[in-house]
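A short worksheet on the structure shown next.
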Number of protein chains: 2
Amino acid sequence: MSPAQKPKTSAKGLETRDRIVDVAVRFIARNGARGTSLADIAAEAGVSQTGLLYHFRSKEALLNAVMDRHLAFSEEWLWGDGPDPGIKIVDIIAKHMTSWPSQHDGKVASLLGMNTVVLGENVSPDTDLHPRLVDGYRTTIDRVTATLRSAQERGEMREDIDPQLKAMEIIAFCYGLEAAWLVDPTIPVAAAAAQWAAQQTRQLATASATS
Amino acid sequence: MSPAQKPKTSAKGLETRDRIVDVAVRFIARNGARGTSLADIAAEAGVSQTGLLYHFRSKEALLNAVMDRHLAFSEEWLWGDGPDPGIKIVDIIAKHMTSWPSQHDGKVASLLGMNTVVLGENVSPDTDLHPRLVDGYRTTIDRVTATLRSAQERGEMREDIDPQLKAMEIIAFCYGLEAAWLVDPTIPVAAAAAQWAAQQTRQLATASATS
DNA sequence: ACAAACCGACTGAGTACTCGGTAGCTTCTG
DNA sequence: CAGAAGCTACCGAGTACTCAGTCGGTTTGT
């Protein structure tokens with residue numbers, strides 16, 4: 001009945017675990033979970049395949065750890081600047097998108113790529129990660145909806161726009177532009193994001209709230 | 001030097017080929033190309049695996065046939081109502097999206113699902129279908145851009161909006177909403193599409209063009 | 001001494017694809 | 001107009017390979 005199990009992993013173990021997840025994110029972002037073998041990940045992370053399976057009892061367990069990291073990243077991406085940004089959420093999104101082109105080979109790109117790849121691999125309802133995908137999506141929609149609704153209550157945002165439908169639209173745009181940029185990194189993401197944010201702000205804002 | 005090779009396939013052969021592609025689209029939409037074996041497809045199509053490989057010399061060849069069908073579908077989806085719809089393109093898109101919820105298990109859903117799944121599997125530049133993906137994306141963007149530009153020339157659309165960036169935004173929204181709907185078919189796609197189209201039209205139209 | 005961290009060798013279930021055929025239809029030939 | 005020849009359309013049984021996961025061990029830190 002002890003409430004918390006003793007953490008039986010040493011600092012070294014945690015470090016290895018972390019390195020494995022890092023590598024897994026990179027590989028999965030490129031080739032998908034189905035296109036990445038445990039052997040590939042293990043080799044790149046500097047352990048044997050058996051060593052990897054010591055830390056993660058199965059591929060599915062590793063995939064869940066990867067998903068954890070992805071969700072944490074998404075969380076930070078949207079809400080890192082404050083819990084209730086109101087209609088400034090579109091500016092926050094545009095700001096983050098502007099930094100994409102300079103990081104096409106970095107950690108951020110991997111986490112973004114993973115989003116697209118993992119979603120593609122788990123659209124089917126009977127896949128391992130599908131429930132977490134649905135859950136993550138709904139949570140995000142709910143939080144964006146809440147932010148927009150409170151903006152309406154503060155008088156920042158027009159009342160004749162449905163917050164939930166607008167939240168869906170915003171998230172769809174994010175996801176779609178991300179996918180487009182992954183497929184073709186030469187597209188002008190920053191400019192597209194800037195125009196989008198400017199027009200959204202004009203559309204959402206009440207006349208009195210324009211500074 | 002005979003300019004056209006004789007079509008060596010009989011009517012029966014073409015029919016079987018077609019049936020195989022049909023089945024492949026369904027399977028790939030659910031489990032991805034990597035998650036679908038030739039044996040699965042062959043069994044469902046009522047041929048042996050060897051029989052399948054008689055019609056498509058390799059899995060990659062079959063995947064390309066599947067991609068052909070997808071591109072033809074996308075073409076019809078966007079331009080089936082006429083080659084130059086102007087800013088009414090947003091209404092056309094919204095109209096098609098409205099019909100999604102009633103077809104979640106049909107052929108359309110398969111072709112839509114395939115889009116997301118195949119994109120996820122081919123974000124990496126060194127995959128078989130990646131060049132075709134990039135090509136398809138750029139072609140679509142160019143055509144939407146051209147439509148918007150000619151709308152500007154006709155005075156239907158405001159001049160202070162960049163047509164290419166707006167085209168990217170429109171396609172991103174389409175793709176993002178499609179992905180969201182595949183993951184969670186309970187979301188109100190029709191309502192989201194309707195609100196989006198109405199707001200886009202208001203934003204794009206010149207004051208003189210409003211009827 | 002003891003447990004966490006790790007490894008080499010293996011297994012069994014897939015996987016795409018090949019090989020050597022056969023059934024049935026059309027077409028050419030004596 | 002018989003029948004040989006040739007073609008498309010298919011199949012059963014393999015082949016070489018990859019994959020996630022197991023087993024029985026050894027090393028390393030404290």
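As the structure is a computational prediction, the values presented were derived from the model and not from experiment. Within every chain, numbering begins at 1; the chains are lettered A, B, ... in the order of the sequence lines, protein sequences first and strands thereafter.
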### Task
Answer with yes or no whether A/Gln49 presents, from its side chain, a donor or acceptor under 3.5 Å of a partner atom in the base of C/dC7.
no
### Task
Send over the distance from A/Arg34 CZ to D/dT18 C1', rounded to a whole Å.
16 Å
### Summary
In whole angstroms, the gap separating P of D/dG24 from CG of A/Leu53 amounts to 17 Å
### Query
Do any side-chain nitrogens or oxygens of A/His55 fall under 4.0 Å of OP1 or OP2 in C/dC6?
yes
### Query
Within the structure shown, what part of the strands sits under 4.0 Å from B/Thr50 by heavy-atom distance: base, sugar-phosphate, or nothing?
base
### Task
Verify the contact: side-chain N or O of A/Tyr54 to OP1 or OP2 of C/dA5, cut-off strictly under 4.0 Å; return yes or no.
yes
### Any donor-acceptor N/O pair, A/His130 side chain to B/Val183 backbone, under 3.5 Å
yes
### Below 4.0 Å: OP1/OP2 of C/dC6 and any side-chain N or O of A/Ser48
no
### Query
What integer distance in Å separates A/Asp128:CG from D/dA20:P?
13 Å
### Task
Answer whether the closest heavy-atom distance between the side chains of B/Asp84 and B/Trp79 falls below 4.5 Å.
no
### Query
Could you give the CG-to-P distance, from A/Leu14 to C/dC6, as a whole number of Å?
11 Å
### Query
Quick one: does B/Arg138's side chain have a donor or acceptor within less than 3.5 Å of a partner on A/Asp184's backbone?
no
### Message
Can you confirm whether A/Met168 sits close enough to A/Pro163 that some side-chain heavy atom of one is under 4.5 Å from a side-chain heavy atom of the other?
### Response
no
### Query
Looking across every strand, which nucleic acid part, if any, lies under 4.0 Å from B/Leu38 by heavy atom: base, sugar-phosphate, or nothing?
sugar-phosphate
### Task
Whole angstrom is fine here: how far is it from CD in B/Glu60 over to P in C/dA16?
13 Å
### Task
Between C/dC7, D/dA20, D/dC11, spot the one nearest the side chain of B/Val47, thanks.
D/dC11
### Query
Whole-Å distance between D/dG21 P and A/Lys59 NZ?
8 Å
## Note on the structure
When rounded to whole Å, the CD to P distance for the pair B/Glu15 and D/dT8 reads 18 Å
### Any donor-acceptor pair under 3.5 Å from A/Glu121 side chain to A/Arg34 backbone
yes
### Message
Without decimals, in angstroms, what is the distance between A/Leu62 CG and D/dC19 P?
### Response
15 Å
